[in-house]
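The block underneath contains the structure these notes are about, expressed in structure tokens.
Letters A, B, ... are given to chains in the order of the sequence lines, protein chains preceding strands, and every chain is numbered from 1.
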Amino acid sequence: MTDLLKNLNENQKAAVLHTDGPLLILAGAGSGKTRVITHRIAHLISTGVKPWNIFAVTFTNKACEEMKKRVMTIVGPQGNSVFIKTFHSAAVYILRRFGEDIKIPSSFTIYDTGDQEDVIKRILASMNLDPKKVKPSMIASKISEVKDSERFIDGVDVSLLLPDYFSFNFEEIFKKYQEKLAENNALDFNDLLIKTVELLRNSKRALTELQRMWQYFMIDEYQDTNHSQYIIAKYLASATKNICVVGDDDQSIYSWRGADIRNILTFEKDYEKTKIITLGENYRSSKQILDAAYSVIQNNGNRKDKNIIAFRGDGERAVWCMANNEYGEGEFVVNTILSIKSREKLKNSDFAIFYRTNAQSRIFEDFLRRENLPYRIIGGLKFYERKEIKDILAYLKFLVNPGDTVALRRIINTPARGIGKASQDRIAEIAEKENLPEWVVIRDELMTGRVPKGLDDFRKIIVKLMRMMETVPGELTLSQFMKSVIDITGYRESLREENTLESNSRLDNLDELLNSIYDYEQTFPDAAPANFIQDISLYTSEENPSDDPEAKTNSITLMTVHNAKGLEFPVVFLTGMEEDTFPHKLSVDTDEGIEEERRLCYVGITRAMDRIFLTSTDLRRSYMGPEYKRPSRFLSEIPRDLLDVKSYTSEYSGGRDYSGGGYSYNGYSPQRRESAASAAPVKKYQLPVEDKNSVLPPVELAEQQELSATGSQFLLRERVLHPKYGPGRIVKIEGSGDNIKLTISFGITNRVFMEKYTPLQKMN
DNA sequence: CTCACGCTCTTTTTT
DNA sequence: AGAGCGTGAG
């Protein structure tokens, strides 16, 4: 067992050896935190603690997976018996076992954000509120915010928690929402935690039982816990007080979700005789990277200053590359990857591209595909959020829980059976009047008047599937049953008939779903449909289930900075380092907002082991049109001697253009070209000729603008007056002679005209 | 009732 | 650039 401690420093050792009593580990980035946790688990087991007596929770699915993997490598198969979960899945486990004590049937389903919004939409409709003026997503996040709040969890009435500035009755919506969920036997993400708190408060039996089972607690990312998570931990650990929490206030990035940084700052007050251990040595990043990261985070006022010691040598300087636009940024990133790969023996999986928002991923994907570089995206468009997957899972949800009207609405006319809105409303009406579930109205054929033919089909399909499901698992495996669901409902058939590119990809996705169910039942052979449904809802942040392991290890990773927490890569690209992108526009108004963005930036930089590239653009297109960008303030917080500044200009524009006069200019004039040492352009793309000039050139390059060689009487970028559309600007000239086509931008929209037939007037 | 088309609005991070 | 909605034809 001395082996276990061999590769640890003094503080890490102390943390591993302190097994009994409260322990607070302040673990800076790269300080070997996960290592300590896993070794600590191994050490506990080696001293005779049973694996199933250990409870370890992390915050995200990915971190959880990582921890499981690493525990398994150290302790072997008995690692399987250690309870390692996310907070939410731990809550599901607890509620499934003991929820009956507070009247939560164990068959409850979990509503994700989409389901929540469906419920809210229907409530808004019933209250005659315009979903355009009152956005369901806004209501959903407000509801979530209330439910996350400390006072709500401590029992304060909703009416006292609501701001009074709403033009509508929020309280009524809230109450109806809660009723609807109860009616549907559903819990949302907040409920999982809240109900667990309620259970632990009210069920002595549950608490005793759980406390007997779990005697050692470990909570990772403690700075990200919200109030209910804090309470849950407190209840569970109250018997033994063997609680070890790990965190770093500099990496708190979830306050918008109710995470309360005070939980870590006051831990020592909550638990008497807390032992505090600081892990201040960074083993991950080379010194220059660490210094850059540190120079950023130092600008936060509200933090405990810590002395982070770089263990590694100086390494390479951080690079800041200013690109002319997002295509330049994408090209720079991909070129740099190719260039590094050609010089150094690095695998694709050694590279990661981070961005602030998921929407930024697309351009990187395009460039990576172009170069045939395999990549995988974490988060973003999630597999289980695809329409066809949600549809089929909605069938299963409904079969398991026929009270789930959200699922019913989803499937009743999917595929189309001629049961339209009118019929659906009538069913709901009858159900309301007779005080029966909607499904019973359908099942017992209580509908009067004109009954759509398809309704009878639907009834038969559901009854048949319900009978079939009774034989699962047993006669039928879950995956066999799900295959039947896809077939019997006619879903597969309707996609086959469509026979488009899209429908075929949907069919593929359904096969992937069946594969993932098959995998699931290998792990849990006795799993009933209900268990599967419950597990799957929490699985949403997982990547595509069919990603084969090979691809996983040989792919470049793309993800948001939030998703990057806890991970590390030899080469990191932190992209979109512009004001209003990172820090994000919606966070810049408050000091707290800025500080959280800064912590996020710190998290991003400290993921890098050997090299970090920060990129910004001068001009970025969004759906609002092109916008001039100023470099992120975080860049200016890094001293110049820690930054290698480059610039990169791409002529590629993705076949689109930036022109049209309508872009906003927020006062920044790019005066950077003097340092224009172009970075590692390994390879220029073959550009379609007509794309060549379609990027609006930077101001100082404007004079280099070539004259159009097509024989047009107009010049590129010339201002013209169109008789019908008014003033515009020529952004593209194609063809020659009588066949010249002009693309003219009028603010947001572009239109193409034949020069010959269009009476344009020059405007200069 | 369904489908297709065109219009509008979209602006963060995740369990 | 894309989703979601309303409208109008079949």
Side-chain angles (χ1 to χ4, degrees), chain A residues 57-64 85-92 110-114 116-117 121 130-133 135-138 140-141 144 147-148 187-194 221 224-226 228-229 252-259 326 354-360 362-363 366 378-382 384-385 387 413-424 450 452-455 494 498 537-542 559-565 576 580-588 593 596-597 599-601 603-604 620-625 627 654-656 748-749:
Chain A
V57 285
T58 63
F59 209 64
T60 63
N61 287 316
K62 203 154 18 16
C64 179
K85 286 191 184 289
T86 64
F87 253 113
H88 287 83
S89 57
V92 172
I110 302 169
Y111 276 6
D112 65 18
T113 321
Q116 277 184 59
E117 284 177 21
K121 259 182 230 157
D130 183 2
K132 265 186 196 144
K133 290 192 79 176
K135 276 181 292 179
S137 59
M138 188 274 259
S141 71
S144 179
K147 286 176 141 188
D148 267 340
L187 302 179
D188 64 22
F189 286 134
N190 303 300
D191 289 337
L192 295 176
L193 303 173
I194 296 170
E221 308 286 11
D224 287 330
T225 48
N226 66 20
S228 43
Q229 291 164 331
S252 159
I253 55 176
Y254 284 103
S255 68
W256 51 275
R257 244 181 65 182
E326 70 271 25
F354 301 158
Y355 32 80
R356 177 65 178 79
T357 65
N358 285 306
Q360 287 163 250
R362 234 200 60 236
I363 286 162
D366 289 347
I378 310 289
L381 300 166
K382 292 154 200 158
Y384 291 104
E385 281 171 16
K387 183 181 180 311
N413 200 32
T414 315
R417 299 186 178 93
I419 309 169
K421 187 172 180 305
S423 308
Q424 292 180 31
R450 227 200 95 206
K453 160 97 178 54
L455 191 61
S494 83
E498 224 180 288
S537 314
L538 283 178
Y539 232 54
T540 47
S541 90
E542 280 308 300
M559 61 185 147
T560 62
V561 191
H562 280 89
N563 265 317
K565 191 157 75 153
D580 291 353
T581 307
F582 195 2
H584 195 276
K585 202 195 227 115
L586 299 181
S587 304
V588 294
E596 180 144 321
E597 296 282 317
R599 290 192 292 270
L600 193 57
C601 179
V603 166
R620 184 181 292 278
R621 253 174 56 97
S622 69
Y623 58 88
M624 274 183 58
E627 269 181 295
R656 274 168 234 109
I748 312 160
T749 52

For residues A:F354 and A:Q360, determine if any side-chain heavy atom of one lies less than 4.5 Å from a side-chain heavy atom of the other.
-> no

Could you say whether A:S423 or A:H562 is positioned toward the 5' end of DNA chain B, judged by the nucleotide with the nearest heavy atom to each?
-> A:S423

Which of these passes side chain to side chain contact (heavy atoms under 4.5 Å, CB included) with A:I363: A:R620, A:E326, A:R621?
-> A:E326

Heavy-atom distance under 4.5 Å between the side chains of A:T86 and A:V57, does that happen here?
-> no

Give me the distances for all protein-to-nucleotides 2-5 of chain B N/O pairs that come in under 3.5 Å?
unit_1, atom_1, unit_2, atom_2, d
B:dT2, OP1, A:N413, OD1, 3.4
B:dT2, OP1, A:N413, ND2, 3.0
B:dT2, OP1, A:G418, N, 3.1

How far does OH of A:Y254 sit from NE2 of A:H562, to the nearest 0.5 angstrom?
-> 5.5 Å

Looking at residues at least two apart in the chain, or sitting in another chain, which of them share a salt bridge (charged side-chain N to carboxylate O under 4.0 Å, His left out) with A:K147?
-> A:D188, A:D191

Can you tell me which stems involve DNA chain B, if a stem is defined as three or more consecutive Watson-Crick or G-U wobble pairs, both distances under 3.5 Å?
-> B:1-10 with C:1-10

Protein-nucleotides 5-10 of chain C N/O pairs under 3.5 Å:
none

Whole-angstrom distance between C:dC5 and B:dT12, as gauged at atom C1' = 24 Å

Rounded to the Å, how far apart are A:L600 CG and B:dT14 C1'?
-> 12 Å

Answer with yes or no whether A:R356 presents, from its side chain, a donor or acceptor under 3.5 Å of a partner atom in the base of B:dT13.
-> yes

Stacking between A:F59 and the base of B:dT15 (centre distance under 5.5 Å, interplanar angle under 30°)?
-> no

Is the closest side-chain heavy-atom distance between A:T560 and A:N358 below 4.5 Å?
-> yes

Protein-nucleotide distance (A:E597, atom CD; B:dT11, atom C1'), rounded to Å | 13 Å

With sequence neighbours left out, the residues meeting ring-ring contact (aromatic ring centres under 6.0 Å, His included) with A:F87 are none

Which nucleotide in B:dC1, B:dT15, B:dT13 has an atom nearest any side-chain atom of A:T113 = B:dT15

For the pair made of OH in A:Y254 and P in B:dT15, what is the distance, rounded to whole Å?
-> 6 Å

Side-chain donor-acceptor pair under 3.5 Å between A:S144 and A:S141, yes or no?
-> no

Are side-chain N/O atoms of A:Q116 and A:T113 paired as donor and acceptor at under 3.5 Å?
-> no

Any idea which of B:dT14, B:dT10, B:dT12 is nearest the A:K135 side chain?
-> B:dT10

Partners meeting side-chain contact (heavy atoms from CB on, under 4.5 Å) with A:S494 (sequence neighbours left out) | A:P415

